Structure formats: structure tokens, C-alpha cells
Student: 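Below are the C-alpha cells for one structure; questions will follow.
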Amino acid sequence: MREASDYVLIGGGLASAAAAQAIRTRDPERSIVIVGEEIHPPYERPPLSKDYLLSDEWTSEKAFLKPDGFYADKRIELRTGVKATAIDRVARTVMLNTGDRVRYEKLLLATGARARRLNGQGRDLAGVFVLRTLSDAEALRRAILQSKRAVMVGAGYIGMEVASACAQRGIETTVVDRNNRPWSGFASPALGGFLREYYEARGVRFLLGDEVATFVGDGQLAAVTTKSGEKIEADLAVVGIGAILNTELAREAGLEVDERHGVKVNAFLQTADPHIWAAGDIAFFEDLALDRQWHVEHFMNAEWQGDAAGAIMAGERKPYNKVAYFFSDLFDIHMCLRGAPSAGTQTVVLGDLPGAEFVELSHDHAGRLQMGVAITRDPSRLDPLADILEGLIRERANVQALSAAAFDL
Ligand SMILES: Cc1cc2nc3c(=O)[nH]c(=O)nc-3n(C[C@H](O)[C@H](O)[C@H](O)COP(=O)(O)OP(=O)(O)OC[C@H]3O[C@@H](n4cnc5c(N)ncnc54)[C@H](O)[C@@H]3O)c2cc1C
């Protein structure tokens, strides 16, 4: 069937949902279609590695971004379980796996990312998981309820959050990572060391500077082996080694795609094709706030960029200008990160590191603040700390001139 829609949003995640809402607020009349491959309506992923694994009361519906009836009320056509398979930019048409074709005036690419899998032997055994979708989380939670021993493959944010959930559920938990500290992508030795000690004090074991080689078992996972020759008994393994951006559609349509960073867009989130925008994890965007071209795989980025792209597609001429923001919850601590990790920065800790009430500030050779991480046990302090960090990053504050009092620590 051949159809037409003024706005077509590919990807049924946070960025598309935010964009649809932003468009509808500004353009009450024209048609909007969201095409999403997953069977669920757009939902929040952060709870999937936190509350959802910790609490049996957490139902899948709680993660849905919008209440029942929202899309129908707003006359946003939501096509779940449908994949966009190709884009014909000359005919301005999207091909779907249902055989339908949808003509667009304006197209948003918000296809996000998928979990990277490990190529080792035994990767398909029952008990070996990745965590990206609600369906992944549902299966993982069922397994956690039966598990006695778990291994996290990777000490990034997914591995550390799932390790926290497993340990809190009384599961003997080991984290394996090829680097020498958790969160090695952005954490200094001091911050990584703090996190490791915090986890070890709560019973989590670390195997760092080592790599998982194989998953062993007869149908069901029984152990994990590492390159250094360790064998760890485990009935559950979660592979958290990063994500692969879903950029195939854009690349095949002839748009500029960076292998590592995604679909190239300007500060208005627009590709070189004036009818196509990109937002969320896949957007390789011109970041005016941090003065760099990069992509960000975080929740607030997807929400803010979806919102900005929707507004721009509906006719506003305001560039995207936010300071990147990441958050995480681990045991009883909460963290936020503002800014961006850069090579060659130095760090300063202000506050009480052993007491888990501190900020770590990364600065360049001239002392200018590039990135700040705040750790606190009090969730109500996180937003104020995030706002202070944002202000200081925007003004490129001199870190040497800052004291704990600037953060009320
Ligand atoms: C378990 C987990 C926990 C997280 N926790 C945090 C956190 O604590 N803090 C934080 O800042 N960030 C967190 N994140 C990251 C954050 O959730 C993502 O950055 C955000 O979801 C990105 O939104 P998006 O809309 O760009 O992409 P996605 O959420 O990936 O959505 C894209 C959607 O598009 C669909 N799609 C792909 N290709 C097609 C196609 N061809 N046709 C149709 N549909 C398609 C995909 O199936 C997917 O549903 C977490 C992520 C995960 C997986």
C-alpha cells in the first residue's frame, strides 16, 4: 500500500516520541507517523537495568513514556512491530517490512542502537544475556530470580548497574573487564577506584585486566572462562560491552555516516538532505555547548534532541544547545555526569570521596572545566549539582578557583 505522511519518524524510542510531541505542539494539523520495530510503544530504558531488576512490582507498563491513549489523542499514528527497510530520497519514500511505502515531507532518523554481543564460544547458551530492550529485561529478570552466581562482562554503566541489582538480590556477583577500573570510558583512577571499593564492600568481586573468553555449559550456562585462564562458576552472564548504532538505513540511503559516531547532522540536527534530520543515540551532531562534533548515547540527549528536532522540523530555527548529561544509580548512590570526557585532562576531587558525597572535575591544560561527575547518596541533591556543573562548564570555569563550597558539599 502507498501512503503519505507529512512527518515520518523512524524508530519507536525516546527521541521519536519526544519529536512527535514537539511537532504536535507546534503543528496541530499535519500527519505524523512513528515507525518502530519493537512491539512496545516508546518506553524509558534506564529503569531496565535498575528498578525493573530490583523490584518484582515493577511492571513493563511503568516504563512506557506516555499514558494509554496519548498517541491517538494527539493523532500520532504509532506503528509498532514495523521496520523501515529502505529510504528512497529522490521519491521521498520509506519502505517498510510490511510491504507498505510511506511518502514523507520531513523525515526523522532516530533508530538508536542495539547491544553489542560477544563472539566467544557458548554465546547462545541459556543464561547469557544482553540488555537493550524491554523484552531483554523481562527475560533477564526471570533469570535473576533463579540465579545464584552471576558474571558481568564489562564494567561500563550497564555492567555496573546490573551488578548492583544482582548483588542486592543476594547473588554472588563477579565483574570482568579488560581495563583496570570500572567506568574506564570516563572515570579517572580515583573515581574508578572509589566505585570498585564501594562494590567490593558490598560483596562484588572484580576481575580486571582480564577478558571473558568462553561461556561453558550444556544448553544452560554453568561457567565463564577468561583469557588469563580463570574459570568462574555462573548460571547467569550479562554482556555489557557497549552498543552498535543502527545506522544501516542512513548509510544505504547515501547519507553521510561516521563509522563510530553515527549520522552526520549540523547544529539544527539536519543532515545534508534538507528533508532529513537525526536525533538521539545515532546523531553525530555539532555540539555548540561543548564545541565538538560527537554523538551521545544517553537518555537526556535523546529526549532533548528529539524535542529540538521536532521543533525544528515544525519550523523553529533554534539550534540544539545542551550540555551533555548522564545519570546512574548504583546501590544507594546516585551519580550525574555533565560535559564530555577528553583525552589528556586532569582531575580534582572536591568533597568527601570515602563518604560518597563529592564531585570530580576534569580540566584541560589551562585549568578549564571540561567534565564534572557528582556522586551523592541524597537523590534530591542530584539535579542541583547537575545544574551547577552545567553553569560552570558553560563558562569554562577555572577548576583551581573552585572549592567544595561552590557545590554546597
Ligand atoms: C538498559 C539501559 C539502561 C540505560 N540507562 C541509562 C541511564 O541510566 N542514564 C542515561 O543517561 N542513559 C541510559 N541509557 C541510554 C538511553 O536509554 C539511550 O541513550 C536512549 O534510549 C536513546 O534513545 P533513542 O531514541 O535515540 O534510541 P533507542 O532508545 O535505541 O530507540 C530506537 C528505536 O528504534 C528502533 N529501530 C531501529 N531501527 C529501526 C528501523 N529500521 N525501523 C523501525 N524501528 C527501528 C529500535 O528497535 C528502537 O526501539 C540506558 C540504555 C539501556 C539500554
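The shown structure was predicted, so the numbers you read here are calculated from the model rather than taken from an experiment. In each ligand, atom 1 is the first atom listed, and ligand 1 is the first ligand listed.
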Student: Check the angle between the aromatic planes of Phe194 and Phe358 and answer parallel, tilted or perpendicular using the 30° and 60° thresholds.
Tutor: perpendicular
Student: If you measure every N or O of Ser49 against every N or O of ligand 1, does any of those distances drop under 3.5 Å?
Tutor: no
Student: Hey, is the main chain of Tyr71 close enough, under 3.5 Å, to the side chain of Arg75 for a donor-acceptor pair?
Tutor: no
Student: Which ligand 1 atoms does Val35 reach within 4.0 Å, using its non-hydrogen atoms?
Tutor: 43 (C), 44 (N)
Student: How far is atom 34 (O) of ligand 1 from its nearest protein heavy atom, and which residue and atom name does that atom have?
Tutor: Gly11 CA, 3.2 Å
Student: What atoms of ligand 1 come within less than 4.0 Å of a heavy atom belonging to Leu14?
Tutor: 25 (O)
Student: For ligand 1, note which part of Glu37 has a heavy atom under 4.0 Å away: side chain, backbone, both or neither.
Tutor: both
Student: Give me the nearest non-hydrogen protein atom to atom 23 (O) of ligand 1 as residue plus atom name, then the distance to 0.1 Å.
Tutor: Ala302 CB, 3.3 Å
Student: Provide, to 0.1 Å, the distance between atom 12 (N) of ligand 1 and the closest protein heavy atom, together with that atom's residue and name.
Tutor: Phe299 N, 3.1 Å
Student: Under a 3.5 Å threshold, yes or no: a donor from one side chain and an acceptor from the other, between Asn266 and Glu286?
Tutor: no
Student: What I want to check is whether the side chains of Arg292 and Ser342 have a donor and an acceptor closer together than 3.5 Å.
Tutor: yes
Student: Evaluate Ala15 for polar contact with ligand 1, using N/O atom pairs at a separation under 3.5 Å.
Tutor: yes
Student: Quick test: of every protein heavy atom, which one is nearest to atom 7 (C) of ligand 1, and how far off is it to 0.1 Å?
Tutor: Phe327 O, 3.3 Å
Student: What about Phe326: any of its N or O atoms under 3.5 Å from an N or O on ligand 1?
Tutor: no
Student: May I ask you to list the atoms of ligand 1 that are less than 4.0 angstrom from any heavy atom of Val82?
Tutor: 43 (C)
Student: To the nearest 0.1 Å, how far is atom 28 (P) of ligand 1 from its closest protein heavy atom, and which atom is that?
Tutor: Arg45 NH2, 3.5 Å
Student: Numbering the atoms of ligand 1 from 1, which are under 4.0 Å from a heavy atom of Ile158?
Tutor: 1 (C), 2 (C), 3 (C), 52 (C)
Student: Measure centre to centre between the rings of Tyr320 and Phe268, then say whether the value is under 6.0 Å.
Tutor: no
Student: Measuring centre to centre across the rings, with the benzene-like ring taken for any Trp, is Tyr157 within less than 6.0 Å of Phe326?
Tutor: yes
Student: Side chain, backbone, both or neither: which part of Glu161 comes within less than 4.0 Å of ligand 1 when only heavy atoms are counted?
Tutor: side chain
Student: For ligand 1, indicate whether the residue Ala113 contacts it via side chain, backbone, both or neither (heavy-atom separation under 4.0 Å).
Tutor: backbone
Student: Could you list the donor-acceptor pairs under 3.5 angstrom formed between side-chain atoms of residues 378-390 and any protein atom two or more places apart in sequence or on another chain?
Tutor:
residue	atom	partner	partner atom	Å
Asp378	OD1	Ser380	N	2.9
Asp378	OD1	Ser380	OG	2.8
Asp378	OD2	Ser380	OG	3.3
Arg381	NH2	Asp408	O	2.6
Asp383	OD1	Tyr325	OH	3.4
Glu390	OE2	Arg394	NE	3.2
Glu390	OE2	Arg394	NH2	3.4

Student: Ligand 1 and Lys83, any nitrogen or oxygen pair closer than 3.5 angstrom?
Tutor: no
Student: Assess, by modelled atom type and distance only, whether the side chains of Glu138 and Ser60 contain a donor and an acceptor separated by less than 3.5 Å.
Tutor: yes
Student: Do Thr93 and Asp88 get their side chains close enough for a donor-acceptor pair, meaning under 3.5 Å?
Tutor: no
Student: Looking only at side chains, do Glu360 and Ser188 share a donor and an acceptor under 3.5 Å apart?
Tutor: yes
Student: Check the angle between the aromatic planes of Phe331 and Tyr198 and answer parallel, tilted or perpendicular using the 30° and 60° thresholds.
Tutor: tilted
Student: What part of Asn246, side chain from CB on, backbone N/CA/C/O, both or neither, has a heavy atom under 4.0 Å from ligand 1?
Tutor: side chain
Student: In terms of side-chain heavy atoms, does Glu161 have a donor or acceptor partner in Ser49 at a distance below 3.5 Å?
Tutor: yes
Student: For ligand 1, is any non-hydrogen atom under 4.0 Å from Ile10's backbone (N, CA, C, O), its side chain (CB onward), both, or neither?
Tutor: side chain
Student: Around atom 26 (O) of ligand 1, find the nearest protein heavy atom and jot down its residue, atom name and distance.
Tutor: Asp281 N, 3.0 Å
Student: Report yes if Glu38 has an N/O atom closer than 3.5 Å to an N/O atom of ligand 1; otherwise report no.
Tutor: yes
Student: Starting from atom 14 (N) of ligand 1, what is the nearest protein heavy atom, named by residue and atom, and what distance separates them?
Tutor: Tyr157 OH, 3.6 Å
Student: Distance under 4.0 Å to a non-hydrogen atom of Ala110: what atoms of ligand 1 satisfy this?
Tutor: 32 (C), 34 (O)
Student: Do any nitrogen or oxygen atoms of Leu131 lie less than 3.5 angstrom from nitrogen or oxygen atoms of ligand 1?
Tutor: no
Student: Evaluate the criterion side chain to side chain donor-acceptor pair (under 3.5 Å) for residue pair Arg368 and Asn398; output intermediate values, then yes/no.
Tutor: CA-CA 5 Å; Arg368 286 179 303 241; Asn398 183 343; over 6 Å; no
Student: Answer yes or no: does an N/O atom from Leu48 fall short of 3.5 Å to an N/O atom of ligand 1?
Tutor: no
Student: Could you check whether Thr25 and Gln21, counting side-chain N and O atoms only, form a donor-acceptor pair closer than 3.5 Å?
Tutor: no
Student: Heavy-atom distances under 4.0 Å are what count here, so tell me which part of Ala84 touches ligand 1: side chain, backbone, both or neither.
Tutor: both
Student: What class does the angle between the rings of Tyr52 and Trp58 fall in, given that below 30° is parallel, 30 to 60° is tilted and above 60° is perpendicular?
Tutor: perpendicular
Student: Report, in ascending order of atom number, the atoms of ligand 1 lying under 4.0 Å from any heavy atom of Gly280.
Tutor: 26 (O)
Student: Quick check on contacts: which atoms of ligand 1 are under 4.0 angstrom from a heavy atom of Gly13?
Tutor: 25 (O), 31 (O), 33 (C)
Student: What is the nearest protein non-hydrogen atom to atom 30 (O) of ligand 1, stated with its residue, atom name and distance?
Tutor: Arg132 NH2, 2.7 Å
Student: Taking non-hydrogen atoms only, is Asp329 closer than 4.0 angstrom to ligand 1 via side chain, backbone, both or neither?
Tutor: neither
Student: Does any part of the side chain of Phe285, heavy atoms only, come nearer than 4.5 Å to the side chain of Val296, both counted from C-beta?
Tutor: yes
Student: Heavy atom under 4.0 Å from ligand 1: found in Lys50's side chain, backbone, both, or neither?
Tutor: side chain
Student: Does the side chain of Gln370 pick up a donor-acceptor pair with the side chain of Thr345 at under 3.5 Å?
Tutor: no
